[in-house]
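Remarks on the structure that follows.
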Amino acid sequence: MTGSIVLFGPPGAGKGTQASIIVELTGKPQISTGEMLRQAVSEGRELGLLAKEYMDSGKLVPDSVIIGLIENRLNHPDASSGVLFDGFPRTIPQAEALAKITTVSAVISIEAPDDEIVNRIVGRRMDPETGEIYHVLFRPPPTEIESRLIQRVDDTEETVRMRLKSYHEQTKPLGAWYSEFGILKKIDGTGSIDEVGQSVAAVVGSL
Ligand code: AP5
């Protein structure tokens, strides 16, 4: 399939968890704006210093910053046959800017209610060595790697409630925007990780 795929949904819906299935099935590289920003923070870059304030308080980083980041990333040769966007676009201006630089063929929207999201986010643990995402209850990590796992600084209940507010006000309307182009594919994200993965694979197979 030519063109790019957008993985859309609220924080903690399972975008990062399910991205690997889409990468495996399509061969498209995953571009996560959240990961790019966290990398800039950990390297102490100017972009990171700017973004950290927004991320730690659960607000969206300004559109101009994110659009510049994506424009640069799409110039890399691996992006020439389309990519998988994870966590981008998140506002209508971001989607409009994206439409000028690449074709979006499908938007896969993983949906889950706010209370479920809070439980998922506060129990999330990340492996800094492999990038693997775990959950203390829903996807427990192997005991031998437990000591090296980290919790994201924005994974507190207070911050996730702010992230959900940003999602409902600024990002959710983008679903309806993409729906008008007939490319929005909704997935129920409330099943187990494997069940949601099967739904994602079925949608990708139908594209
Ligand atoms: P970002 O890193 O994109 O965070 P997010 O959207 O808040 O998404 P998450 O990574 O929290 O959730 P996810 O859907 O990937 O869930 P996961 O698979 O890990 O953005 C961080 C910040 O950067 C933003 O707040 C903003 O400040 C800034 N930013 C980034 N992009 C931006 C943009 N485009 N514009 C402006 N600002 C931007 O799953 C969560 C947990 O649930 C895991 O523990 C997992 O194991 C578990 N889980 C997953 N699926 C299931 C399931 N089916 N059942 C049970 N548990 C599950």
Side-chain angles (χ1 to χ4, degrees), residues 6-22 30-42 47-48 50-71 73 84-98 108-127 131-141 149-172 174 187-200:
V6 169
L7 199 42
F8 183 77
K15 303 182 295 294
T17 300
Q18 302 298 345
S20 56
I21 293 175
I22 306 177
Q30 176 185 359
I31 296 184
S32 158
T33 40
E35 277 308 317
M36 291 167 89
L37 294 170
R38 278 186 290 281
Q39 180 91 26
V41 172
S42 73
L47 165 68
L50 186 153
K52 189 174 176 0
E53 197 183 317
Y54 293 94
M55 296 169 81
D56 288 354
S57 57
K59 294 188 182 135
L60 293 184
V61 174
D63 288 337
S64 57
V65 174
I66 297 290
I67 292 164
L69 198 61
I70 289 291
E71 280 171 345
R73 180 62 183 83
L84 170 65
F85 292 109
D86 165 6
F88 171 85
R90 263 169 143 105
T91 63
I92 289 172
Q94 288 181 20
E96 287 172 338
L98 181 63
I108 301 176
S109 173
I110 305 181
E111 319 213 321
D114 288 8
D115 287 342
E116 171 72 16
I117 279 164
V118 173
N119 288 335
R120 288 185 186 183
I121 294 266
V122 296
R124 172 165 55 187
R125 300 293 182 270
M126 320 277 288
D127 183 347
E132 205 64 37
I133 304 167
Y134 294 98
H135 189 281
V136 290
L137 298 177
F138 307 136
R139 190 172 182 240
L149 298 182
I150 53 164
Q151 187 169 17
R152 272 171 47 178
V153 285
D154 58 345
D155 276 358
T156 61
E157 177 161 357
E158 190 191 359
T159 311
V160 78
R161 297 260 178 223
M162 286 301 298
R163 284 157 65 194
L164 279 166
K165 188 168 182 284
S166 304
Y167 169 76
H168 286 293
E169 289 174 3
Q170 293 168 274
T171 306
K172 201 173 175 188
L174 193 53
I187 285 184
D188 177 5
T190 58
S192 68
I193 292 175
D194 284 349
E195 285 165 346
V196 177
Q198 284 165 18
S199 305
V200 170

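Sequence positions, counted from 1, serve as the residue numbers for this chain. In what follows, every heavy atom counts, from backbone to side chain, and hydrogens, waters and symmetry copies are set aside. Order of listing sets the numbers, starting from 1, for every ligand and every atom in it.
The single protein non-hydrogen atom nearest to atom 43 (C) of ligand 1 is I133 CG2, 3.6 Å, given as residue, atom name and distance. In terms of protein heavy-atom proximity, atom 35 (N) of ligand 1 is nearest to Q94 NE2, 3.0 Å. In terms of protein heavy atoms, atom 19 (O) of ligand 1 is closest to R124 NH1, 2.6 Å. Protein heavy atom at the shortest distance from atom 26 (C) of ligand 1 is K59 O, 3.6 Å. Nearest protein heavy-atom neighbour of atom 53 (N) of ligand 1: G191 O, 2.9 Å. Closest protein heavy atom to atom 18 (O) of ligand 1: T17 OG1, 2.6 Å. The nearest heavy-atom contact from the protein to atom 15 (O) of ligand 1 is G16 N, 2.8 Å. The protein heavy-atom contact nearest to atom 41 (C) of ligand 1 is R120 O, 3.6 Å.
Residue A13 has at least one N or O atom closer than 3.5 Å to an N or O atom of ligand 1. For ligand 1, the polar-atom distance check against G123 finds no nitrogen or oxygen pair separated by under 3.5 Å. The N/O atoms of Y134, backbone and side chain alike, include one that comes under 3.5 Å of an N/O atom in ligand 1. The N/O atoms of D155, backbone and side chain alike, include none that comes under 3.5 Å of an N/O atom in ligand 1. Considering backbone and side-chain atoms alike, R38 places an N or O below 3.5 Å from some N or O of ligand 1.
If you look at L37 next to ligand 1, the close heavy atoms, those under 4.0 Å, all belong to the side chain. Using a 4.0 Å cut-off between heavy atoms, V61 contacts ligand 1 through both its backbone and its side chain. Here R125 has no heavy atoms under 4.0 Å from ligand 1, in either its backbone or its side chain. Proximity of I121 to ligand 1, defined as any heavy-atom pair under 4.0 Å, is confined to the side chain (atoms from C-beta onward). Neither the backbone nor the side chain of S32 has a heavy atom within less than 4.0 Å of ligand 1. Of all the heavy atoms of R152, the ones lying under 4.0 Å from any atom of ligand 1 belong exclusively to the side chain. Here L60 has heavy atoms under 4.0 Å from ligand 1 in both its backbone and its side chain.
A heavy-atom distance below 4.5 Å is not found between the side chains of E35 and Q30.
Ligand 1 is never approached by G58 to a heavy-atom distance shorter than 4.0 Å.
The residue among R90, E35, K15, R163 with a heavy atom at the shortest distance from atom 1 (P) of ligand 1 is R90.
With L84 as reference, L7 is the one residue of I108, I31, L7 to meet the side-chain contact (heavy atoms from CB on, under 4.5 Å) rule.
Between atom NZ of residue K52 and atom OG of residue S57 there is a gap of 10.0 Å, rounded to the nearest 0.5 Å. Note that the CZ atom of R139 and the OH atom of Y134 stand 5.5 Å from one another [nearest 0.5 Å].
Using modelled atom types, no side-chain atom of Q18 and backbone atom of G14 make a donor-acceptor pair closer than 3.5 Å.
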